[in-house]
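To keep things clear, I will list the structure first and then write my remarks on it.
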Amino acid sequence: MLEGEILALPTETVYGLAALALNERAVEKIFSAKRRPANDPLIVHVSDAASARAVCRPCERAFALAEAFWPGPLTLVLPKEPCVPDSVTSGLDTVAVRSPSHPVFREILHRVNAPLAAPSANPFGKVSPTTARHVVESFGENHPPVLDGGKTEHGVESTILDLSGRVPRVLRPGPIPPSEVERVLGERPSLSGRREVSAGEPAASPGLLSSHYRTEAPLLLFPSLSELLEQARRNPPPPGSHLLPGEPPDASERLPPELVVLPLSSTGSTREIAKNLFAVLRQADAASPPLILSHLVAETGLGRAVNDRLRRAARTS
Ligand code: AMP
Ligand code: MG
């Protein structure tokens, strides 16, 4: 099973491109299939906290968080064990670990009985896949084999929490908000850990590129739904531009008919927006519109993860 090959698998966040994490040649296949730079380390997926001990040295905080949130969308950065190849960690002395909850991914973990590295199953820097079809579309003819597990539940990647320092730091906002981490640890994680870096910078600041998830068409963001709608009415963007409001606009909004409206949810719930975000971005982008326009949501809970992905998709540098 998986002997050194790559396989796209559903997780509860997005689809991942999985390979044996302790097999350097298998890991190399992930980097080359994704054209991912070597300074962007991979997350290692394990069945549970006990099997995490094969790849990292968990602390008290890690055990408490794993108990509360695993299996689930929380990745912990911890001191690594020597068996983890440098290619997985980009030469860092820490490794990012999580236990996914998707039954298909868990079944594969169970069968291979070894940790799996699995970044999102798409070419580097592009919009992450939330369906098996997205994986096939984004790699084209030479796509890796994919196990179809339906549309993913959360739609945005895991929360990444660095536990290797004195204070826990959120490196990437995701489905588990800082308030939930605080509830378990009794201390508020620092949110300032995310230092943005540019492509080509060395591994000290891994992966957290300010531009990611990029659409081909330019994406313009407004601070709120009402500001997006007002702009679309008063100063309409070029015909064929795609408008991505968080919820379906009221008919009374009288939007110009030459705009295409693709709501990110039917109810305005942040959960639903997160779940649909990448699929709707892909759908809009596939029409090669002159512009895509959307807006930020309330910066609380899962809203922080949605805004983080939107902001990074909108960056051009
Ligand atoms: P993904 O692309 O969803 O697989 O997430 C991988 C991201 O996890 C990387 O881009 C890094 O930002 C982060 N990451 C992985 N390993 C480490 C690590 N050892 N230290 C800090 N961040 C890490
Ligand atoms: Mg990714």
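Order of listing sets the numbers, starting from 1, for every ligand and every atom in it.
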Item checked: side-chain hydrogen bond (donor to acceptor under 3.5 Å, both in side chains) involving K80 - partner list, sequence neighbours excluded -> none
Margin query: Check this for me: R188, atom CZ, are more than 12 non-hydrogen atoms of other residues, nucleotides or ligands nearer than 6.0 Å?
Written below: yes
Check: Can you list the ligand 1 atoms lying under 4.0 Å from a non-hydrogen atom of L171?
Finding: 21 (C), 22 (N)
Next item on the list: Could you check if a side-chain atom of H134 sits within less than 4.5 angstrom of a side-chain atom of V14, using non-hydrogen atoms only?
Entry: no
Checklist line | Non-hydrogen side-chain atoms of S265 and K275 separated by less than 4.5 Å | finding: no
Next item on the list: Check whether any heavy atom of L92 sits under 4.0 Å from an atom of ligand 1.
Entry: yes
Notebook entry, point to check: For ligand 1, is D162 a contact, meaning one of its heavy atoms is under 4.0 Å away?
Noted result: no
Margin query: What I want to find out is whether E216 reaches K126 closely enough, with some N-O distance under 4.0 Å, to be called a salt bridge.
Written below: yes
Next item on the list: Look at E230 together with R233 and state whether they make a salt bridge at an N to O cut-off of under 4.0 Å.
Entry: no
Margin query: I want to know if ligand 1 touches R36 in the polar sense, i.e. an N/O pair below 3.5 angstrom.
Written below: yes
Next item on the list: Would you tell me which option among A117, S158, P41 has the nearest heavy-atom contact to atom 23 (C) of ligand 1?
Entry: P41
Next item on the list: Would you indicate whether the side-chain heavy atoms of P289 and S241 approach each other to under 4.5 Å?
Entry: no
Notebook entry, point to check: Counting heavy atoms not belonging to R106, are there more than 12 under 6.0 Å from its CZ?
Noted result: yes
Note to self: Which of the numbered atoms in ligand 1 are under 4.0 angstrom from any heavy atom belonging to P119?
What the structure shows: 4 (O)
Notebook entry, point to check: Any heavy atom of H45 sitting closer than 4.0 Å to ligand 1?
Noted result: no
Notebook entry, point to check: Considering only heavy atoms from C-beta outward, does the side chain of P85 approach that of L22 to under 4.5 Å?
Noted result: yes
Check: Of R309, R312, R172, which meets salt bridge (charged side-chain N to carboxylate O under 4.0 Å, His left out) against E157?
Finding: R309
Item checked: Under-2.8 Å protein N/O/S neighbours of the Mg ion (ligand 2), ordered by chain then residue number -> S120 OG
Checklist line | Which of the ligand 1 atoms, numbered from 1, are nearer than 4.0 Å to a heavy atom of T94 | finding: 18 (C), 19 (N), 20 (N)
Margin query: If the contact criterion is a heavy-atom separation under 4.0 Å, does R172 count as touching ligand 1?
Written below: yes
Margin query: Can you name the atoms of ligand 1, numbered from 1 with element, that are less than 4.0 Å from a heavy atom of I160?
Written below: 7 (C), 8 (O), 13 (C)
Notebook entry, point to check: Hey, which atoms in ligand 1 end up nearer than 4.0 Å to a heavy atom of D40?
Noted result: 9 (C), 10 (O)
Notebook entry, point to check: Going by heavy atoms in the side chains, are R282 and P129 under 4.5 Å from each other?
Noted result: yes
Item checked: Under-4.0 Å heavy-atom contact with ligand 1, by part of R169 that carries it -> neither
Margin query: Is the shortest side-chain heavy-atom distance between L229 and D250 below 4.5 Å?
Written below: no
